**Q** 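My questions all concern the structure below.
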Amino acid sequence: MSAHDFQHYLSEFLARFLPGEVGAARNTIMSYRDTFTLLLRYCKAHEDITPEHMRCELLTKELVERFLASTETERGCGPATRNQRLAAIRSFCRYLQARDIERIGQYQRVLSIPKKKTSTTPPHHVSVDEIRLILAQPDASRPTGRRDLALLALMYDSGARVQEIADLTLGDFRADPPATVKLTGKGNKVRIVPLMSPTAALVQRYAEGAGLTGAASRSRPLFPNRAGNKMTRTGIAYILDKHVATARKSDPAMLTETISPHALRHSKAMHLLQAGVNLVYIRDILGHADLKTTEIYARIDGEMKRQALQSAFTNLTPPDAMPLWHQDKDMLTWLTNLGH
DNA sequence: CTGTTGAGTTGGGTCTTGGT
DNA sequence: ACCAAGACCCAACTCAACAG
């Protein structure tokens, strides 16, 4: 059983264990699958191990380290990706530990590989004026224009994730006051988000024009593609891109950076915050489980305040206010006084 | 017992290929 | 022109563990 133990365990792990016992999301399994695809490809190219000849015995700390290094040096990936690959391998090794007892020490050593620190950049967002400019682009005299306008307005207004918008059916949209949309996020968690009445009217007008009315349509996708199916996130990104491009053409000073569907969500969060909306409400609208996630926006806003202060700052301390250590003082005193 | 972090999971971004 | 699918990269998010 050692000849194909790796193949056996890996397929059990991906096809039985993760979906069945763990109940892992499809995204997770696909993401882990990608990691092992790349690992096996690396082994073939650099370690002289074909996928058929891979064995558990060969899955050593050193091999994994070389693989991780190659993702950075050869593939040009950043630390976040390296960590993600490592996390997938770790998950597999924890699985193996309980089943392949003989090599428990070998797996322990793989698990000892540390992850790298990653730097966090604040979420990218755009101004209200820029949002307005984007929403001015779709040609409302055409059906696709009305769809695009309703789609973009709804996405911004609700602050939804792109997949949540793609998954919407007509039944999730409620036009009569108070207008709402029912968004289904992670783990089938549902939240109801109120809509501004102009947005609701926009969506309503679009839906009527598209023949999306009546009880029979309730389960039909609110934003179908040409084939009448749910649009994918690629499709939605395409639509956003298109209108951002024309908006940029009309006013090159605006929208200088690329803007993704998620940036719309970030922007909504920032605009709510800047309007003085309580973080707890913002969390409910965005559908965060943890208020800490929402607080990221508060911190960006704090950063903006800091920059405002910085620009008006007059330096009152002499340039060498933080002295270097010289031989006349003892090191501990110097350390203690540093920064005071 | 509660606020904070770290580790792990999960969705989104981007690019390419390709079909209508 | 419109948009899907898939591969790969990365960031967003969750939640258990742990410090306070």
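As a basis for the values below, the full set of heavy atoms in this structure was taken, side chains included, without hydrogen atoms, waters or symmetry mates. Residue numbers start from 1 in every chain, and the chains themselves are labelled A, B, ... in the order their sequence lines are given, proteins ahead of strands. Model, not experiment: these values are computed from the prediction.
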**Q** To the nearest Å, how far apart are A:Met30 CE and B:dT10 C1'?
**A**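 Between C1' of B:dT10 and CE of A:Met30: 13 Å.
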
**Q** Assign A:Leu38 to base, sugar-phosphate, or nothing according to its heavy-atom contacts below 4.0 angstrom with the strands shown.
**A**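 Answer is sugar-phosphate: A:Leu38 comes under 4.0 Å of backbone atoms only.
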
**Q** Does A:Glu47 pair with A:Arg66 as a salt bridge, N-O distance under 4.0 Å?
**A**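 A salt bridge is present here (some side-chain N lies under 4.0 Å from a carboxylate O).
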
**Q** Let me test you: for the helix from B:dC1-C:dG20 to B:dT20-C:dA1, what is the angle between the axes at its two ends (five pairs each), rounded to 10 degrees?
**A**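 That helix has its two terminal axes inclined by roughly 30°.
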
**Q** So, does A:Thr293 get its side chain near the phosphate of C:dA12, meaning an N or O under 4.0 Å from OP1 or OP2?
**A**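 No.
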
**Q** Rounded to the Å, how far apart are A:Asp167 CG and B:dG11 C1'?
**A**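 One finds 12 Å between C1' of B:dG11 and CG of A:Asp167, rounded.
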
**Q** Return the value, rounded to whole Å, for the distance between atom CZ of A:Arg41 and atom C1' of C:dC9.
**A**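 That distance rounds to 14 Å.
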
**Q** Within less than 4.0 Å of OP1 or OP2 of B:dT10, is there a side-chain N or O belonging to A:Arg26?
**A**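 Answer is no, no contact under 4.0 Å.
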
**Q** Looking at A:Arg265, does any N or O in its side chain come under 4.0 Å of the phosphate oxygens OP1/OP2 on B:dG13?
**A**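 A:Arg265 to B:dG13 OP1/OP2: no side-chain N or O under 4.0 Å.
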
**Q** Pick the closest DNA chain C nucleotide for A:Ser119 and for A:Pro224 by heavy atoms, then say which residue is nearer the 5' end.
**A**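 It is A:Pro224 whose nearest nucleotide is closer to the 5' end.
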
**Q** Give the nucleotide from the list C:dC8, C:dC3, C:dC13 with an atom nearest to the side chain of A:Tyr297.
**A**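 Closest of the options to the side chain of A:Tyr297: C:dC13.
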
**Q** How is A:Ala87 classified with respect to the nucleic acid when contacts are heavy atoms under 4.0 Å: base, sugar-phosphate, or nothing?
**A**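 It contacts base atoms.
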
**Q** Of the listed nucleotides (B:dG8, C:dA12, C:dC8), which one gets closest to any side-chain atom of A:Arg85?
**A**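 From the listed options, C:dC8 comes nearest.
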
**Q** Flag yes if more than 12 heavy atoms outside A:Lys61 fall under 6.0 Å of its NZ atom; otherwise flag no.
**A**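 Yes, because the 6.0 Å sphere around NZ of A:Lys61 holds more than 12 heavy atoms from other groups.
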
**Q** For C:dC2, does the base pair up with any side-chain atom of A:Arg226 as donor and acceptor (N or O, under 3.5 Å, distance only)?
**A**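 Such a pair exists between side chain and base.
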
**Q** When you check the gap from the basic side-chain N to the acidic O, do A:Arg109 and A:Glu62 get nearer than 4.0 Å?
**A**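 A:Glu62 and A:Arg109: salt-bridged.
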
**Q** Calculate the interatomic distance between A:Leu240 atom CG and C:dC2 atom P; express it in whole Å.
**A**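 Those two atoms, CG and P, are 14 Å apart.
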
**Q** What's the closest nucleotide to the side chain of A:Gln84 if the choices are C:dC9, B:dT14, B:dT10?
**A**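 Ranking C:dC9, B:dT14, B:dT10 by closest atom to the A:Gln84 side chain puts B:dT10 first.
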
**Q** Give a yes/no on whether any side-chain N or O of A:Tyr238 is located under 4.0 angstrom from OP1 or OP2 of C:dC3.
**A**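 Result: no.
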
**Q** Does A:Lys268 come within less than 4.0 Å of A:Asp157, counting only side-chain N to carboxylate O?
**A**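 Answer for the salt bridge query: yes.
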
**Q** Taking only side-chain nitrogens and oxygens of A:Arg90, does any of them come within less than 4.0 Å of OP1 or OP2 of B:dG8?
**A**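 Yes, because at least one side-chain N or O of A:Arg90 sits under 4.0 Å from OP1 or OP2 of B:dG8.
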
**Q** Salt-bridge test for A:Arg146 and A:Asp148: reply yes if a basic N is under 4.0 Å from a carboxylate O, no otherwise.
**A**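 Looking at A:Asp148 together with A:Arg146, the answer is no, because their closest N to O distance does not fall below 4.0 Å.
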
**Q** Return yes when atom NZ of A:Lys44 has more than 12 non-hydrogen atoms of other residues, nucleotides or ligands closer than 6.0 Å, and no otherwise.
**A**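 Counting other residues, nucleotides and ligands, NZ of A:Lys44 stays at 12 neighbours or fewer.
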
**Q** Would you tell me if any nitrogen or oxygen in the side chain of A:Lys242 comes within less than 4.0 Å of OP1 or OP2 on C:dC2?
**A**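 Checking A:Lys242 against C:dC2: at least one side-chain N or O falls below 4.0 Å of OP1 or OP2.
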
**Q** To the closest 0.5 Å, what do you measure between NZ (A:Lys116) and CG (A:Leu68)?
**A**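 Answer rounded to 0.5 Å: 9.5 Å.
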
**Q** Return the 5'-most residue of the pair A:Arg233, A:Leu18 with respect to DNA chain B, ranking by each residue's nearest nucleotide.
**A**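 By nearest-heavy-atom nucleotide position, the 5'-most residue is A:Leu18.
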
**Q** Taking the basic N atoms (NZ, or NE/NH1/NH2) and the acidic carboxylate oxygens, is any pair closer than 4.0 Å for A:Arg248 and A:Asp241?
**A**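 A salt bridge is absent here (no side-chain N lies under 4.0 Å from a carboxylate O).
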
**Q** Please report the distance, rounded to the nearest Å, between CD in A:Glu72 and P in C:dC9.
**A**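 In whole Å, C:dC9 P lies 12 Å from A:Glu72 CD.
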
**Q** Less than 4.0 angstrom between a side-chain N/O of A:Thr234 and OP1 or OP2 of C:dA5, yes or no?
**A**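 Negative; the distance criterion is not met.
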
**Q** Considering just the side-chain nitrogens and oxygens of A:His262, establish if one lies under 4.0 Å of OP1 or OP2 belonging to B:dG11.
**A**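 No, because none of the side-chain N or O atoms of A:His262 sits under 4.0 Å from OP1 or OP2 of B:dG11.
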
**Q** Identify, between A:Thr81 and A:Met231, the residue whose nearest nucleotide on DNA chain C lies closer to the 5' end.
**A**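 Mapping each residue to its closest nucleotide by heavy atoms, the 5'-most match is A:Met231.
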
**Q** With heavy atoms under 4.0 Å as the rule, sort A:Ala237 into base, sugar-phosphate or nothing.
**A**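 Contact class for A:Ala237: none.
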
**Q** Can you tell me how far P of B:dG8 sits from CG of A:Asn83, to the nearest Å?
**A**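 Roughly 10 Å, once rounded to whole Å.
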
**Q** Please determine whether a side-chain nitrogen or oxygen atom of A:Arg33 lies at a distance below 4.0 Å from atom OP1 or OP2 of C:dC8.
**A**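 Checking C:dC8 against A:Arg33, no side-chain N or O comes under 4.0 Å of OP1 or OP2.
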
**Q** Of the nucleotides C:dC10, C:dT14, C:dA4, which one has an atom closest to the side chain of A:Asn225?
**A**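 For the A:Asn225 side chain, the nearest candidate turns out to be C:dA4.
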
**Q** From the options B:dT14, B:dT9, B:dT10, select the nucleotide whose nearest atom is closest to the side chain of A:Ser260.
**A**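 Within the option list, the nearest is B:dT14.
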
**Q** Calculate the interatomic distance between A:Ile29 atom CD1 and B:dG11 atom P; express it in whole Å.
**A**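 Spelled out: CD1 on A:Ile29 to P on B:dG11 is 11 Å.
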
**Q** Hey, does the side chain of A:Arg147 come within less than 4.0 Å of C:dC3's phosphate (OP1/OP2), counting only N and O?
**A**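 Yes, such a contact exists.
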
**Q** Using a strict threshold of under 4.0 Å (side-chain N to carboxylate O), is an ion pair present between A:Glu164 and A:Arg161?
**A**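 So A:Arg161 pairs with A:Glu164 through a salt bridge.
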
**Q** Counting only side-chain N and O atoms of A:Asn27, is one of them less than 4.0 Å from OP1 or OP2 of B:dT10?
**A**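 A:Asn27 to B:dT10 OP1/OP2: no side-chain N or O under 4.0 Å.
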
**Q** Calculate the interatomic distance between A:Leu286 atom CG and C:dA12 atom C1'; express it in whole Å.
**A**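 Rounding to the nearest Å, CG of A:Leu286 and C1' of C:dA12 are 12 Å apart.
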
**Q** Respond yes when some side-chain nitrogen or oxygen of A:Arg94 is under 4.0 Å from OP1 or OP2 of B:dG8, and no when none is.
**A**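 Yes, such a contact exists.
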
**Q** Would you say a side-chain N or O of A:His124 is under 4.0 Å from OP1 or OP2 of B:dG13?
**A**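 It does not, given that no N or O in the side chain of A:His124 lies less than 4.0 Å from OP1 or OP2 of B:dG13.
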
**Q** Does A:Asp167 come within less than 4.0 Å of A:Lys230, counting only side-chain N to carboxylate O?
**A**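 Answer for the salt bridge query: yes.
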
**Q** Report yes or no: is there a donor-acceptor pair, N or O only, under 3.5 Å between the side chain of A:Arg161 and the base of B:dG12?
**A**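 No, no donor-acceptor pair under 3.5 Å.
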
